[in-house]
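Computed from a predicted model, the values in this text were never measured in an experiment. Values below: every heavy atom of this structure, side chains too, minus hydrogens, waters and symmetry copies. Residue numbers start from 1 in every chain, and the chains themselves are labelled A, B, ... in the order their sequence lines are given, proteins ahead of strands.
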Protein chains: 2
Amino acid sequence: MKAEPACPEPPSAASGGPVSHAISRAARLHRIAAGRLLRDLGLYPGQEFVMMHLWDAGPVRQSELIKAVGLDPSTVTKMLQRLEQAGHVRRCPDPADRRAALVEATGASCGLKTQVEQAWRQLEETTLAGLDEHEREELLRLLGRVEGNLCPQAREEHEEAADAADAACVAEV
Amino acid sequence: MKAEPACPEPPSAASGGPVSHAISRAARLHRIAAGRLLRDLGLYPGQEFVMMHLWDAGPVRQSELIKAVGLDPSTVTKMLQRLEQAGHVRRCPDPADRRAALVEATGASCGLKTQVEQAWRQLEETTLAGLDEHEREELLRLLGRVEGNLCPQAREEHEEAADAADAACVAEV
DNA sequence: GCGCATTACTTGGCCGACCAAGGTAAAGTT
DNA sequence: AACTTTACCTTGGTCGGCCAAGTAATGCGC
């Protein structure tokens, strides 16, 4: 055995935001689990989203892909470079717009599609084991709300209310 | 305006696992939001967990810290190197065990504590805006279940049932 | 037609995070 | 006492992911 995620027990310091902590941790474990399943397929966690979109959208402009997965453009660029090098993806310049690039999944990646979907279903089931249909829907609904709360670009008003003096601090000998 | 996370609308391809998708996306947005708040404090997302533990646990062995945050040892090592260089953390060899290292937050980092807690509270509130107390508890409970499902080290039986032939695939001209 | 903003992507840099492999010191065995 | 295992940490490499800045082509106003 190696690192053993180990499920760091009830987080002593859930002090500030218990839900925030829970989100981070659950997501990390989820990503690791996804990574394990994907690894055997030759994909790295994160790439599934790109491939999935390409598989069921066909050739698309890179900009559209970026919008679809919601990642930073630079992230997608690098990911595509690696996916291309791995043979999962092909890119060619858009004849209609010379600054744009068209991206599509290669035929070779086709076989992966089924496997990735299978893995993804398995991950879903593992993740939600022991939850009934109602709970799953509720979780989905709540996560949707969270997503909605977090993404609105309008987050200008930072509301800096930093006033409280610093309390006693241990450490520092 | 720059990238604008943009909240990529109802994910066309939520096909396989809707909840898994929701977790990934919500977590990513959450992390970005955390990053924005933390950035002004001179911390990078992820480091908060380490600092929080150090603040309310005092000097600890690195191994204990690793167990507490549940990250890979190498991740913590590098993070500590950066935190040390930034002056947030101090490390010294454990006199009782020469292979171990003791870690503690520096006095300078003390002022940060309050601010981080404040930021973390704000993040929690932003994340959960519009959810009543019952919904928050429910979300926390469900995330806890997910965490439990995902972390059990016993994930030996991979259950490879890859049999279905690959379906039709578009792309590839 | 010319200049300027927009759009589309790339490059470089930095971090968190993983895995794999290594080195050293303590604990357990024989 | 010598050997083996285990624990603790580090190094190196690779990825996803962000930001900031840069390049190139398009479109718009004039």
Side-chain angles (χ1 to χ4, degrees), chain A residues 1-5 24-25 27-36 38-40 42-51 60-67 69-86 88 91-103, chain B residues 1-5 24-25 27-40 42-51 60-67 69-86 91-103:
Chain A
M1 311 295 169
K2 200 77 43 97
E4 294 285 3
S24 306
R25 309 212 329 193
R28 195 176 64 81
L29 293 172
H30 184 267
R31 190 185 183 80
I32 291 178
R36 280 215 227 281
L38 257 27
R39 159 179 298 264
D40 308 329
L43 286 181
Y44 291 86
Q47 301 184 334
E48 343 114 44
F49 299 102
V50 168
M51 292 311 296
V60 288
R61 297 252 297 240
Q62 187 166 323
S63 60
E64 191 180 324
L65 179 60
I66 288 169
K67 216 178 48 184
V69 297
L71 297 173
D72 190 275
S74 62
T75 300
V76 175
T77 293
K78 289 179 193 165
M79 217 186 289
L80 286 177
Q81 289 170 345
R82 284 162 187 150
L83 283 172
E84 184 171 29
Q85 194 172 355
H88 296 311
R91 303 167 65 196
C92 54
D94 184 343
D97 185 342
R98 272 190 313 184
R99 67 209 150 133
L102 290 172
V103 191
Chain B
M1 312 291 169
K2 199 73 48 96
E4 294 287 4
S24 305
R25 310 215 325 196
R28 197 178 62 81
L29 293 172
H30 184 268
R31 190 184 182 82
I32 291 178
R36 280 216 227 280
L37 290 172
L38 256 27
R39 159 177 298 264
D40 309 328
L43 286 181
Y44 291 87
Q47 301 185 335
E48 344 115 44
F49 299 101
V50 169
M51 291 310 296
V60 288
R61 296 253 293 247
Q62 187 166 322
S63 60
E64 191 179 325
L65 179 60
I66 288 169
K67 216 178 49 185
V69 296
L71 297 173
D72 189 274
S74 62
T75 300
V76 175
T77 294
K78 290 178 192 164
M79 216 186 289
L80 285 177
Q81 288 170 344
R82 282 160 189 152
L83 283 171
E84 185 170 29
Q85 195 172 353
R91 303 167 65 196
C92 54
D94 184 341
D97 185 341
R98 272 190 313 185
R99 67 208 151 136
L102 290 172
V103 191

Could you give the angle between the helix axes at the two ends of the helix from dG1(C)-dC30(D) to dT30(C)-dA1(D), with five pairs per end, rounded to 10 degrees? 10°
Applying side chain to side chain contact (heavy atoms under 4.5 Å, CB included), name anything that partners Ser63(A), two or more places apart in sequence or on another chain. Arg61(A)
OP1 or OP2 of dT11(D) under 4.0 Å from side-chain N/O of Gln81(B): yes
From OG1 (Thr75(A)) to CD1 (Ile66(A)), nearest 0.5 Å: 9.0 Å
5'-most contact on DNA chain D (nearest-nucleotide basis), Tyr44(A) vs Arg39(B), goes to Tyr44(A)
In whole angstroms, the gap separating C1' of dG13(D) from CZ of Arg82(A) amounts to 12 Å
Any chance you could measure Leu80(A), atom CG, to Lys78(A), atom NZ, to the nearest 0.5 Å? 12.5 Å
Quick one: does Arg25(A)'s side chain have a donor or acceptor within less than 3.5 Å of a partner on Gly70(B)'s backbone? no
Distances for protein N or O near nucleotides 7-9 of chain C N or O, under 3.5 Å:
from: dT7(C); atom 1: O2; to: Arg99(A); atom 2: NH1; distance (Å): 2.6
from: dA8(C); atom 1: OP1; to: Arg61(A); atom 2: NH2; distance (Å): 3.4
from: dC9(C); atom 1: OP1; to: Ala101(A); atom 2: N; distance (Å): 2.6
from: dC9(C); atom 1: OP1; to: Ala101(A); atom 2: O; distance (Å): 3.4
from: dC9(C); atom 1: OP2; to: Ser63(A); atom 2: N; distance (Å): 2.5
from: dC9(C); atom 1: OP2; to: Ser63(A); atom 2: OG; distance (Å): 3.3

Going by side chain to side chain donor-acceptor pair (under 3.5 Å), name the residues that satisfy it together with Ser74(B), two or more places apart in sequence or in a different chain. Asp72(B)
Starting at CG of Leu65(B) and ending at C1' of dT10(D), how long is that distance when rounded to a whole Å? 16 Å
With Tyr44(A), which residues qualify under side chain to side chain contact (heavy atoms under 4.5 Å, CB included), at least two apart? Gln47(A)
Any side-chain N or O of Gln47(A) under 4.0 Å from OP1/OP2 of dG16(D)? yes
Name all residues meeting the salt bridge (Lys or Arg N to Asp or Glu O under 4.0 Å) criterion together with Arg99(A); count only those two or more places apart in sequence or in a different chain, and write none if there are none. Asp97(A)
Which of these nucleotides, dA17(C), dG13(D), dC15(D), is closest to any side-chain atom of Lys78(B)? dG13(D)
If you compare every side-chain N and O of Thr75(A) against the phosphate oxygens of dC18(D) (OP1, OP2), does one of them come in below 4.0 Å? yes
Starting from P on dA17(C), measure out to CG on Leu71(B) and report it in whole angstrom. 5 Å
Measure from CZ on Phe49(A) to C1' on dC15(D) and round the result to the nearest Å. 15 Å
Spacing of Ile32(B) atom CD1 relative to dC18(D) atom P, expressed in whole Å: 5 Å
Whole angstrom value for the distance that separates C1' of dC18(D) from CZ of Arg36(B): 10 Å
How would you list, by chain and number, every residue that makes a side chain to side chain donor-acceptor pair (under 3.5 Å) with Arg91(B), sequence neighbours excluded? Gln62(B)
The side chain of Arg31(B) lies closest to which of these nucleotides: dC15(C), dG16(D), dA17(C)? dA17(C)
Taking the side chain as every heavy atom from C-beta outward, state whether Val50(B) and Val103(B) have any atom pair closer than 4.5 Å. no
Would you kindly give the CZ-to-P distance between Arg98(A) and dT6(C), to the nearest whole Å? 22 Å
In whole Å, what is the span from the CE atom of Met79(B) to the C1' atom of dC15(C)? 9 Å
